[in-house]
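Take a look at the structure set out below.
Remember, it's 1-based here, ligands and their atoms both numbered in the order they're listed. As a basis for the values below, the full set of heavy atoms in this structure was taken, side chains included, without hydrogen atoms, waters or symmetry mates.
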Amino acid sequence: MRTNLSVEEALEAVLEAAQGELAVEELPLKEAFGRVLAEDLASLVEHPDQDDTAIDGYACRAEDTLGASPEAPVRLRVVGEAPAGRPFPGEVGRGEAVAVYTGAPIPKGADAVVRVEDTRREGDEVLLFAPASPKDIRPKGDDLRRGEVYLRRGDLLTPGRLGLAAAMGHARLKVFRKPRVGILSTGDEVVEPGEPLPFGGVYNSNAYSLLGLVLEAGGEPVLLGKVPDQPEAVLERLEGAGPLDLLLTSGGVSMGEYDVVRKVLERHGEVVFWKVRQQPGGPLLFARLGGLPVLGLPGNPVSSMVTFFLYGRPFLYKLLQRTEPPYGRLEARALTPFKGAKGKKVFRRGVLSVAEKTVRSTGNQSSGVLRSMAFGNALVVLPPDRDAREGEEVEVIPLTFVP
Ligand SMILES: Nc1nc2c(c(=O)[nH]1)N[C@H]1C(S)=C(S)[C@@H](COP(=O)(O)OP(=O)(O)OC[C@H]3O[C@@H](n4cnc5c(N)ncnc54)[C@H](O)[C@@H]3O)O[C@H]1N2
Ligand code: MOO
Ligand SMILES: [Mg+2]
């Protein structure tokens, strides 16, 4: 068992365990939002499939309309119309115009369009108060070229990308199965919300903050409830967890007599590492139990969230072959001081303003105060042995992905 790893060493060890291909499933578009593509998607169509108009107006020959103005309008003969999806069958000759509507193909013979606001219709003639211009013609293939790959394996299906897949003509998409992530809470004192809280008890918040983080990272959370601090109970629940890609436990990984998760995994599994030189989350444990990777997250509510974010989320991203990194990094100016720690990389919670490039502390930074994760939107990263003073530039990891 390795111990006292750096954050980088710990991440490398966790990622090494993210092996194997997730099965692929095919879903109709309406069920594919938020899933990760398992195939490259090429456009089945050219769009527009011919030059078309971006405005409602009249298509004509630009040379016929040179110098048109309110004082000296140009008069053209209207020879037909072209609504979107219904091309004008003829050709536009000299001195002629066709009424066109946004999305309609530019009729043969025409090379420019004038917007309807700059015209007045008089029977089968139209007066132009401005010259027609080619700038409102959308060229063939402007949006999509047939055969070109616009979405790739590993791309998350965001609203824009789901729409793009539809625009390309795909009705069903191959996506990766969601990795199944078990969430087991441990602790005699841990009580499910809704039940009365005895003196000294604490509501099981970890299960629900982790559930949210797992969903956000593209996984399928499997709530395994809570077990008391008894090795037999922990082992029984771990072994009966069913098919999973990753198991999260919370609590029971530190130095205490009742920290049984570590003891159970040492005895019945293989502990890959225990303890990382970081705060919060120092007692993090990573193990394998019969082939299943287990992240033993420290019980403190902030610590379990931060460690999942730093290690569990990258694990899921790797399994899902995600094209984007699990989190971004940027620099911001500290509006408040942030306290570092001796020999440890520190992750303080902050409120980041992307617009101002500033970050301020959420206040109380105790690992037991979950409000810092509820109202903070970023982790402020301090290298070992370094405090940050007010006004200093600091490294920040947004908790919601900022590309
Ligand atoms: N002598 C030492 N004591 C501690 C050390 C240390 O290095 N030496 N490390 C501290 C650090 S850092 C952390 S973090 C915690 C980690 O503790 P465990 O993983 O063993 O977790 P527990 O002891 O079971 O619980 C800690 C704390 O968290 C609360 N908790 C647990 N589960 C939940 C839950 N599901 N929902 C909400 N809150 C939960 C629990 O009641 C405790 O207050 O150890 C320090 N100790
Ligand atoms: O590292 Mo513990 O995670 O601070 O309370
Ligand atoms: Mg403990």
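- In this structure the side chain of F88 reaches within 4.5 angstrom of the side chain of V79, judged on heavy atoms.
- A salt bridge is absent between R77 and E125; no separation between the charged side-chain nitrogens and carboxylate oxygens falls under 4.0 Å.
- In this structure, ligand 1 sits under 4.0 Å from heavy atoms belonging to S185, T186, E189, V190, V202, Y203, N204, S205, N206, S250, G251, G252, V253, S254, M255, D259, P283, P298, G299, N300, P301, S303.
- A 4.5 Å side-chain heavy-atom check between E236 and Q230 finds every atom pair outside the cut-off.
- One finds a salt bridge joining E46 and R145 here, because a Lys/Arg side-chain nitrogen approaches an Asp/Glu carboxylate oxygen to under 4.0 Å.
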Donor-acceptor contacts, no H, no angles, side chain residues 289-305, under 3.5 Å, sequence neighbours left out:
unit_1, atom_1, unit_2, atom_2, d
S304, OG, N206, OD1, 3.4
S304, OG, P301, O, 3.2

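- Here the shortest heavy-atom pairing between F308 and L248 reads CD1-CD1, 3.7 Å.
- When atom types are taken as modelled, the side chain of S361 and the backbone of G350 share no donor-acceptor pair closer than 3.5 angstrom.
- Using a 30° and 60° split on the angle between ring planes, F286 and F273 fall in the tilted class, from 30° to 60°.
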As a test of reading the model: which N/O atoms of the protein lie under 3.5 Å from N/O atoms of ligand 2, and at what distance?
unit_1, atom_1, unit_2, atom_2, d
ligand 2, 1 (O), G281, N, 2.7
ligand 2, 1 (O), G282, N, 3.2
ligand 2, 3 (O), G281, N, 2.5
ligand 2, 3 (O), S303, OG, 2.5
ligand 2, 4 (O), S367, OG, 2.6
ligand 2, 5 (O), N300, ND2, 2.8
ligand 2, 5 (O), S367, OG, 2.8

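- Closest approach of G93 to E96, counting heavy atoms only: N-OE1, 2.7 Å.
- At a threshold of 4.0 Å, the pair R313-E216 counts as salt-bridged, since one of the basic side-chain nitrogens sits closer than that to a carboxylate oxygen.
- Remark: E395 does not engage K345 in a salt bridge, criterion side-chain N to carboxylate O under 4.0 Å.
- Side-chain polar atoms of Y58 and R121 form a donor-acceptor pair below 3.5 angstrom.
- Across P134 and D111, no two heavy atoms sit closer than the pair CB-O, 3.6 Å.
- Within the protein, the number of N/O/S atoms found under 2.8 Å from the Mg ion (ligand 3) is 2.
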